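Remarks on the structure that follows.
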Amino acid sequence: MKHILLVCNAGMSTSMLVNKMKEEAKKQNLEVEIEAKSLTEAKKDLSGVDCILIGPQIRYELNNVNAAAGNIPVDTINMQDYGLMNGKKVLETALKMIGE
């Protein structure tokens, strides 16, 4: 099972997007674990994570998250997909990052 982590300032706005992504994963019969964490929480423990997507509002943290992530792929969520809560597109992005 693949583990996708979404990160934002407080983990609140990405929680809504996580739900949309989970709905899409269920439609596609994909076994993925998707969760949202605050930036502070994410930096504490990244074990078991296959990819990290950070909210566009904290894209300035991309280099810091990359440094903390080591070999885990990290990218910023597309601003339009984030604003529209497009779970399908964000899930597709995450799966491409993982190589699925």
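Worth saying up front: this structure is predicted, and the values here are computed from it rather than measured.
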Is it true that Val18 and Met16 fall in one hydrophobic cluster, defined by side-chain heavy atoms closer than 4.5 Å?
yes

In terms of heavy-atom contacts, does NZ of Lys43 have more than 12 from other residues, nucleotides or ligands at under 6.0 Å?
yes

For the backbone of Val90 and the side chain of Asp81, can you confirm whether one donor and one acceptor N or O come within less than 3.5 Å of each other?
no

Intermediate values then yes/no, side chain to side chain contact (heavy atoms under 4.5 Å, CB included), Met21 and Leu6:
CA-CA 11 Å; Met21 292 172 70; Leu6 274 57; 3.7 Å; yes

Side-chain donor/acceptor of Ser38 to backbone N/O of Glu41, under 3.5 Å
yes

Using 0.5 Å steps for rounding, measure from the CE atom of Met1 to the CD atom of Glu33.
7.0 Å

Please tabulate, one pair per line, all N/O donor-acceptor pairs under 3.5 Å involving side-chain atoms of residues 59-67, not counting sequence neighbours.
residue	atom	partner	partner atom	Å
Arg59	NH1	Pro56	O	2.6
Glu61	OE1	Asn64	ND2	2.8

Side chain to side chain contact (heavy atoms under 4.5 Å, CB included) between Asp50 and Ile72: does it pass, once the steps are laid out?
CA-CA 6 Å; Asp50 293 296; Ile72 302 168; over 6 Å; no

Hey, does Leu91 have a side-chain heavy atom less than 4.5 Å from the side chain of Ile4?
yes

Once rounded to the nearest 0.5 Å, what's the spacing between atom CD of Gln80 and atom NZ of Lys89?
8.5 Å

Measuring from atom CD of Glu24 to atom CD of Gln28, what distance do you get when rounded to the nearest 0.5 angstrom?
4.5 Å

Could you tell me if the side chain of His3 sits less than 4.5 Å from the side chain of Glu35, heavy atoms only?
yes

CG of Leu95 to NZ of Lys2: how many Å apart, nearest 0.5 Å?
9.5 Å

Smallest heavy-atom separation, Asp45 atom then Ser47 atom, equals OD1-OG, 2.7 Å

Determine, stepwise, if the pair Leu5 / Leu46 fulfils side chain to side chain contact (heavy atoms under 4.5 Å, CB included).
CA-CA 9 Å; Leu5 177 63; Leu46 295 173; 3.7 Å; yes

Less than 4.5 Å apart, side chain to side chain, heavy atoms only: is that true for Asn78 and Thr93?
no

Do Val32 and Lys22 come close enough that some side-chain heavy atom pair is under 4.5 Å?
no

Taking the side chain as everything from C-beta on, heavy atoms only, tell me whether Met97 gets closer than 4.5 Å to Asp75.
yes

Between atom CD1 of Ile77 and atom OG1 of Thr14, what is the distance when rounded to the nearest 0.5 Å?
7.0 Å

How long is the straight-line distance from NZ of Lys44 back to NZ of Lys37, given to the nearest 0.5 Å?
9.5 Å

Search all heavy atoms of Ile58 against all heavy atoms of Cys8 and return the closest pair with its distance.
CD1-CA, 3.7 Å

